[in-house]
Amino acid sequence: MPFPPTKSRTDPPTGSPHRTAGSTRSRGRRRATVLTAVSALLTPLFLLAPTGQATAADLPGGGDLGPNVKVFDPSTPDIQGQVDTIFKQQESAQFGDGRYQLLFKPGTYDNLNVQLGFYTSISGLGLSPDDTTFNGDVTVDAGWFNGNATQNFWRSAENLALNPVNGTDRWAVAQAAPFRRMHVKGGLNLAPDGYGWASGGYIADSKIDGEVGPYSQQQWYTRDSSVGGWTNGVWNMVFSGVNGAPAQSFPEPPYTTLDSTPVSREKPFLYLDGNDYKVFVPAKRENARGTTWEGGNPAGESLSLDQFYVVKPGTSADTINQAVEQGLHLLFTPGIYHVDKPIEINRPNTVVLGLGYATIVPDGGATALRVGDVDGVKVAGLLVDAGTTKSDTLVEVGTKGTHTDHAANPTSLQDVFIRVGGAGPGKADNGMVINSDDTIIDHTWIWRADHGDGVGWETNRADYGFTVNGDDVLATGLFVEHFNKYDVLWNGERGRTIFFQNEKAYDAPNQAAVQDGATKGFAAYKVADSVRTHEGWGLGSYCNFTADPSIQQDNGFQAPANPGVKFHDLLVVSLGGMGQYNHVINDVGGATSGTDTIPSQVVSWP
């Protein structure tokens, strides 16, 4: 989480605000045509796995959603009292074990203000957000942390319409707190009460009728949405496919605006069809702009709950894998899951959906989740917490060295978050490794903890946060922080990133500990020397070397000087002078120095 800067805090607006306001590709690789054809023939067999023809050994699909999924309808007594009780428990439980999903059936709810604490998700159960309307608010504020919102992690709001009581809803969050598929019939304030420090955040597939005010938010990414206006920007505001977004103007104001998102697929979600629970799986879009739902029902498919194995805490990895092999999708209910071997997803088009920040902890050095090199897997809504025995990799997609074309039906990971330390000692060599071509990574926070329990340069050692070996991988909303070496290492061809937020490790003990050969400091985002084509928009890296403020980073970003490698709208910041960047990228861009927390920026590279 970004440390509160000394001079970039935005005061309440009085006379004036702080600041006013698809591409064609050439793959260039040989495809395994015969294997692709065989895969196409086999795929229907996987899809027709006999979920309804159970044998004695088969696991059942469907069932209840467990005690930590709370379901409300407009006639439920004392809704406010029930949600207040959960908030009181979760408000400051940053590393607690409580996990909750709040589900609201279609209808209208009056005089309701749902405050969200840690590990709490709220969702409407309609096919459209307008099916479930609050004449009231869904609120995130920072009273628990003295008005500082930089640690408001791990909470989410989805699929609701809000008529805010005072005309503006407050959503003052930091990382891992998505605002998806929401309709705010008014304005949206992204800062805490008092306009204190804030560091987020992510909006997708949402419509805000009024103005969005980020105020003190240092950086933000909004995708495939619609806004009535945007007030200001501090360091890094990025938009792709957003109707009403401000025009491209980086660095002043610091707006990076893409007309559309090259490829996107919205997150699967639970809804009610009459009295039956189903999961809607939105279709892939290309050159997307605006929401999926404003013009009517979204494109995609519905899966009945009895096609899912409903996973509950205590379920073994063997049982979870049996369910997938049997032909079931997975719905993880809120809770903490210890696994002694990887959860293996090797069937094309499998949906893996977590509710209420369902958390997977690998024991004995296992990988927590491994997805095969197959088409169309959708993984969403999970938190992976490193175990006490070091894992090589926590989340892995595909097989290294395999290059199968998945462009027509890519695997997607959405709101899949990784944590190393914080809740206790944890170690991993790699956070997330993407080997499959064409994978979509839509909103992830991969975090080596800088505070909490089990935190120290070697105590929660993790060298690499996000490594990409596959080709044609797209990351939208990439947050990776505090790893011992490279936070992002990109080896694949034709990779693209829209929005990147990073901090280098606070606890680096000295210059020698972060020396990359002759280079001072490991770059936050490194594109391998062998890569010929890569592109990024709206990327920022910050340093806050609290253990040794004399540490220097030669560059925030490092990339080969090849004609196809391009970056747009880069910045680096030294937070209060705690360390220094000598350049932004490849010895280009001025140094950050002094205590004024002023970014050094590069508009275009090369």
Side-chain angles (χ1 to χ4, degrees), residues 1 65-72 76 78-105 109 112-125 129 132 134 136-145 149-160 162 169-182 184 188 190 192 198 200-203 206 267 269-270 312-313 331-337 353-360 380-385 414-417 419 422-423 443 445 447 452:
M1 61 92 196
L65 300 179
N68 288 343
V69 176
K70 309 297 183 183
V71 183
F72 304 94
T76 301
D78 193 24
I79 297 175
Q80 189 67 61
Q82 293 186 58
V83 297
D84 285 350
T85 297
I86 292 171
F87 174 67
K88 183 177 180 181
Q89 175 186 319
Q90 298 299 116
E91 180 182 11
S92 59
Q94 183 171 176
F95 298 109
D97 57 8
R99 302 288 187 275
Y100 291 96
Q101 178 74 52
L102 312 179
L103 297 177
F104 285 79
K105 294 182 179 180
Y109 298 79
L112 191 60
N113 179 22
V114 180
Q115 299 185 77
L116 295 182
F118 287 98
Y119 314 110
T120 307
S121 298
I122 185 170
S123 305
L125 284 170
T132 308
F134 284 11
D137 297 82
V138 172
T139 300
V140 177
D141 206 343
W144 74 278
F145 202 43
T150 60
Q151 292 185 24
N152 279 350
F153 314 136
W154 305 306
R155 64 200 77 198
S156 66
E158 302 183 35
N159 206 31
L160 294 165
L162 308 178
D169 192 60
R170 185 182 301 280
W171 186 254
V173 298
Q175 289 75 15
F179 196 80
R180 288 186 181 270
R181 200 178 174 78
M182 295 288 286
V184 181
L188 186 64
L190 303 179
Y202 176 91
I203 294 171
S206 293
K267 180 182 174 183
F269 62 92
L270 194 67
K312 296 178 181 175
L331 183 69
F332 283 83
T333 62
I336 298 175
Y337 298 80
L353 179 60
L355 302 179
Y357 285 82
T359 302
I360 301 172
L382 294 173
L383 172 61
V384 174
D385 218 344
Q414 297 172 298
D415 302 345
V416 175
F417 307 121
R419 180 171 65 191
H443 191 222
W445 185 37
W447 185 58

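Remember, predicted model here, so these are calculated numbers, not experimental data.
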> Roughly how far, to the nearest 0.5 Å, is the CZ atom of F72 from the CG atom of D78?
Replying inline: 9.5 Å
>> Are K267 and H443 packed together at the side-chain level, in the sense that at least one heavy-atom pair is separated by less than 4.5 angstrom?
In response: no
> Do you know which two heavy atoms are closest between F417 and W445, and how far apart they sit?
Replying inline: CD2-N, 3.3 Å
> At what distance, to the nearest 0.5 angstrom, does CG of L103 lie from OG1 of T132?
Replying inline: 10.0 Å
>> Are R181 and F269 packed together at the side-chain level, in the sense that at least one heavy-atom pair is separated by less than 4.5 angstrom?
In response: yes
> Does the side chain of N159 reach to within under 4.5 Å of the side chain of F104, using non-hydrogen atoms?
Replying inline: no
>> Is there a side-chain contact (heavy atoms from CB on, under 4.5 Å) between W144 and N152? Walk through the geometry before answering.
In response: CA-CA 10 Å; W144 74 278; N152 279 350; 2.8 Å; yes
> Can you tell me if T85 uses its side chain to pair, donor with acceptor, with the backbone of V83 under 3.5 Å?
Replying inline: no
>> Using the rule given for side-chain contact (heavy atoms from CB on, under 4.5 Å), can you reason through L65 versus L331, listing the C-alpha separation, both sets of side-chain angles and the distance that settles it, and then say yes or no?
In response: CA-CA 9 Å; L65 300 179; L331 183 69; 3.7 Å; yes
> After noting the C-alpha distance and the side-chain angles of D137 and R170, does the key distance pass the side-chain contact (heavy atoms from CB on, under 4.5 Å) rule?
Replying inline: CA-CA 8 Å; D137 297 82; R170 185 182 301 280; over 6 Å; no
>> With rounding to the nearest 0.5 angstrom, report the OG to OH distance, S156 to Y119.
In response: 13.0 Å
> Is the backbone of N113 close enough, under 3.5 Å, to the side chain of Q80 for a donor and an acceptor to pair up by distance?
Replying inline: yes
> For the residue pair F179 and S206, what are the closest heavy atoms and their distance?
Replying inline: O-OG, 3.5 Å
>> Do W171 and L116 make a side-chain contact, defined as non-hydrogen atoms from C-beta onward lying under 4.5 Å apart?
In response: yes
> What distance separates Q115 CD from I86 CD1, expressed to the nearest 0.5 Å?
Replying inline: 12.5 Å
> With side chains defined as the heavy atoms from C-beta onward, is the minimum distance between Q101 and N68 less than 4.5 Å?
Replying inline: no
> In terms of heavy-atom contacts, does CG of D84 have more than 12 from other residues, nucleotides or ligands at under 6.0 Å?
Replying inline: yes
>> Does F134 form a side-chain contact (heavy atoms from CB on, under 4.5 Å) with L160? I'd like the steps, not just the answer.
In response: CA-CA 8 Å; F134 284 11; L160 294 165; 4.1 Å; yes
> Considering residues at least two apart in sequence or located in another chain, which fulfil the side-chain hydrogen bond (donor to acceptor under 3.5 Å, both in side chains) criterion with R99?
Replying inline: T359
> Can you tell me how far the CH2 atom of W154 sits from the CD atom of Q94, to the nearest 0.5 Å?
Replying inline: 5.5 Å
>> For I79 versus T76, what's the shortest heavy-atom pair and its separation?
In response: CG1-O, 3.4 Å
> Of all heavy-atom pairs between A176 and Y357, which one has the smallest distance, and what is that distance?
Replying inline: O-OH, 2.8 Å
> Taking atom CG of L353 and atom CG of L270, what is their separation to the nearest 0.5 Å?
Replying inline: 7.0 Å
> Nearest heavy-atom pair of R155 and Q151: which atoms, and what distance?
Replying inline: NH2-O, 4.4 Å
> With a 4.5 Å limit on heavy-atom distance, are the side chains of V69 and P334 in contact?
Replying inline: yes
> Among all residues two or more places apart in sequence or in another chain, which pass the side-chain hydrogen bond (donor to acceptor under 3.5 Å, both in side chains) test with D169?
Replying inline: none
> Shortest non-hydrogen contact from A157 to V138?
Replying inline: CB-CG1, 4.3 Å
> Pick from K70, Q89, Q90: which one makes a side-chain hydrogen bond (donor to acceptor under 3.5 Å, both in side chains) with Y100?
Replying inline: Q89
